[in-house]
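This report concerns only the one structure given below.
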2 protein chains.
Amino acid sequence: MEKKLPTIKEIAKRLNISISTVSRALHDHHSIGLRTKLAVKKLAAELNYEPNQTAIFFKQRKTFTIGVILPNLREEFFSSAINGIEKTALDNNYIVLTSQSHDDLEREKNIVESMKKHRVDGILASISKNTTRIDHFEQLKNYDIPVVFFDRVPDVPDVHSVSCNLYHSSVEAVDFLVKKGHKRIAYIQGPSTLNIKNERLNGYYDALAKNSIKADDALVVSTDLSTDGNTGALDKLLALKKRPTAVILFNDYVALDVIHHARQRKLAINKDISFVSYANIPFMHYLETPPVASVEQFPYEQGARATELLFKLLDPNAKQGLPPYENIVLKSELIIH
Amino acid sequence: MEKKLPTIKEIAKRLNISISTVSRALHDHHSIGLRTKLAVKKLAAELNYEPNQTAIFFKQRKTFTIGVILPNLREEFFSSAINGIEKTALDNNYIVLTSQSHDDLEREKNIVESMKKHRVDGILASISKNTTRIDHFEQLKNYDIPVVFFDRVPDVPDVHSVSCNLYHSSVEAVDFLVKKGHKRIAYIQGPSTLNIKNERLNGYYDALAKNSIKADDALVVSTDLSTDGNTGALDKLLALKKRPTAVILFNDYVALDVIHHARQRKLAINKDISFVSYANIPFMHYLETPPVASVEQFPYEQGARATELLFKLLDPNAKQGLPPYENIVLKSELIIH
DNA sequence: CTGTTAGCGCATTCAA
DNA sequence: TTGAATGCGCTAACAG
């Protein structure tokens, strides 16, 4: 039942010329007779000829495909990043193979293997929260598959990356809250693996010091980003004799759970307690009581920049002049709502 | 700088046997000597041999890749669908190429072309709201690329599809509101292209009749799904002398805008006005005043079922017994919150 | 049980 | 300006 698609061979036969002539004609090779060229193109159009990309991929050792590995697509942060990636990729005639790790390291490894098998030309990755070692990415060097990490980047020197520096916004966040009159400012941090550089927490501590507020270790709690972890973290803070009046949250998804939970515990949000968060996803605006401020991390730009960097790495000409490892750092912004 | 990966040729040379013997050994072909087989496998392991998939794709005329075309990934509805698709695909050793049409027909066409070029084995699609003709999908028949539509399916008979019948839930939704005491029940419908079968509206009208409520055309308004369209539709209803006390909304994304807008207009939600919606995305639970009920459309299952159907179409053995066009219809469920 | 051969569709080097 | 020949890595039909 196989349909037989036209090939250059077919065209060559019909025109009684050689395969290579057809190939050249279709590629507008300089040394080709106008007559034959036109004839070839005409017949090609008639036959509805289209080159078999799999053959070309095979021959060129390129698939014009980039793989994207990220924790999940459910979070608007990552779907925005995908938009930036897709845009840049499509502009370069590349196509995007996306796969979700669901924050599972084993899955992440499988995806890498699968993408390697499929011979993607390069990979963009935002690592899972359980990824501490990146051997599965490192091995790709043996296959000439460059990797650019974005947003969730591993804390090692010898990788390419695009990320957002959250330090200054973290300072601003505390400043903002202090200016609003808050003195007991808590902080709910994420898993340590995503926090290695600790920009958020360092900013938090530095800003407290700057504002002459004594840091209180009881005010810093952790979540594993699960709903239980998120609400549990809030509960811990609410159990303190001296409750915080403001809480800085690891990101907007933590914020969703925490704000929801605070409502259920009958707290008057923005009165009893105020929240600041990270990510600034548009969705939050639908909440009746969104965080009073959120740190914009520019997912679209991160995705786009990471893709551009990957293309630079993929370009054999430009490759020479590149520094061994490029680490692009965007500046986050505190957005007051 | 090209790294040279080991090939079966290389293995053959080193072992002084033929290429085909190596190939067979690696595939556990039955007629192969145990000694040679082990030797081959041993060397293959040592050399870190991995078959070049692009060569195999080329030879087998298969890429083990399925393309997914959908309006966007931002909506949790579609990212859930992707999860169902990814799961099923990965279980079958397929990989998923996803692309967003952003509800733009031209883009959708480009994606189809691009996927065709990349020789995906099959395509899953949820069409854009501007897609009225599906020639760009139809032509894929000439390339033996089967297409299965899901959720947003074109209203033509000769396609494979998986969708969710919303009629009964629509009736239930009205019944539910009537039972709650509502008599003026409005309906905000989506673009006509996504509404061809009109299951929502038919259910609405039938249920009104069943409950002896006279339908009022002024209570049925439309949105193009943009934020302005959504809020404008509500405004139209609020401008009526006799305002509705309940509104059924095309989907949860319309609901987000409408509920937000209603709040801004100082309406007491669930008191002045109540909402019922479609999609039942988990995100809505974070709202302080989510719709009182929502119709579950099972995106994950739709994705999974559509993928299974696609694999059936891809399977040359099973293909024989298939009906020419399969249209799987799931039953939606009204979920009371 | 193993080797030989051909070919998938195309690009490309070498000859003419 | 064109053609012939080669090979990319692998599978499989055929032959021994």
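By convention in this document, chain letters (A, B, ...) are assigned in the order of the sequence lines, proteins followed by strands, and residues within each chain are numbered from 1.
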Would you indicate, yes or no, if [N] has its OP1 or OP2 atom less than 4.0 angstrom from a side-chain nitrogen or oxygen of [X]?
{"X": "B:T36", "N": "C:dT2", "result": "yes"}
{"X": "B:S23", "N": "D:dT11", "result": "yes"}
{"X": "B:R35", "N": "C:dC1", "result": "no"}

Q | Contact summary for B:R152 and B:K129, nearest pair of heavy atoms | A |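 Heavy-atom minimum between the residues: NH1-N, 3.5 Å.
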
Q: Mind listing the closest non-hydrogen atom pair of B:P71 and B:S101 along with its distance?
A: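 For B:P71 and B:S101, the tightest heavy-atom pair comes out as CA-OG, 3.4 Å.
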
Euclidean distance, atom [atom1] of residue [X] to atom [atom2] of [N] [Å, nearest integer]:
{"X": "B:I19", "N": "D:dG9", "atom1": "CD1", "atom2": "C1'", "answer": "8 Å"}
{"X": "A:L26", "N": "C:dG9", "atom1": "CG", "atom2": "P", "answer": "15 Å"}
{"X": "A:Q60", "N": "C:dC8", "atom1": "CD", "atom2": "P", "answer": "19 Å"}
{"X": "B:K62", "N": "D:dG9", "atom1": "NZ", "atom2": "P", "answer": "23 Å"}
{"X": "B:F58", "N": "C:dA11", "atom1": "CZ", "atom2": "C1'", "answer": "12 Å"}
{"X": "A:K59", "N": "C:dC8", "atom1": "NZ", "atom2": "P", "answer": "16 Å"}
{"X": "A:H29", "N": "C:dC10", "atom1": "NE2", "atom2": "P", "answer": "17 Å"}
{"X": "B:L15", "N": "C:dG3", "atom1": "CG", "atom2": "C1'", "answer": "14 Å"}

**Q.** Residue pair B:H118, A:F57: steps toward the ring-ring contact (aromatic ring centres under 6.0 Å, His included) verdict
**A.** CA-CA 9 Å; B:H118 275 253; A:F57 294 159; 5.1 Å; yes

From C-beta outward on [X], which listed nucleotide comes closest to its side chain: [options]?
{"X": "A:I8", "options": "C:dC10, D:dC8, C:dG7", "answer": "C:dC10"}
{"X": "B:I56", "options": "D:dA4, D:dA12, D:dT11", "answer": "D:dT11"}
{"X": "A:R24", "options": "C:dT2, C:dT12, D:dC10", "answer": "C:dT12"}
{"X": "B:S18", "options": "C:dC10, D:dT11, C:dG3", "answer": "C:dG3"}
{"X": "B:S31", "options": "C:dG7, D:dC8, C:dT2", "answer": "C:dT2"}

Q | Check: B:G303 main-chain N/O paired with B:T307 side-chain donor or acceptor under 3.5 Å | A | yes

Salt-bridge contact [X]-[Y] (side-chain N to carboxylate O under 4.0 Å):
{"X": "A:E138", "Y": "A:R133", "value": "no"}
{"X": "A:E46", "Y": "A:K42", "value": "yes"}
{"X": "B:R14", "Y": "B:E10", "value": "yes"}

Q | Qualifying residues under side-chain hydrogen bond (donor to acceptor under 3.5 Å, both in side chains), relative to A:K87, sequence neighbours excluded | A | A:D91

(Q) Regarding B:K9, tell me which of base, sugar-phosphate or nothing describes its non-hydrogen contacts under 4.0 Å with the strands shown. (A) sugar-phosphate

Q) With a 4.0 Å cut-off on heavy atoms, is A:T7 in touch with a base, just the backbone sugar-phosphate, or nothing at all? A)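 Sugar-phosphate contact only - A:T7 comes under 4.0 Å of backbone atoms but never of a base.
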
Q | Contact residues, residues 38-55 of chain A to DNA chain C [heavy atom, < 4.0 Å] | A | A:Y49, A:P51, A:N52, A:A55

Q) Do the side chain of B:S20 and the base of C:dT4 come within less than 3.5 angstrom through a donor-acceptor pair of N or O atoms? A)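 Answer yes: a donor N or O sits under 3.5 Å from an acceptor.
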
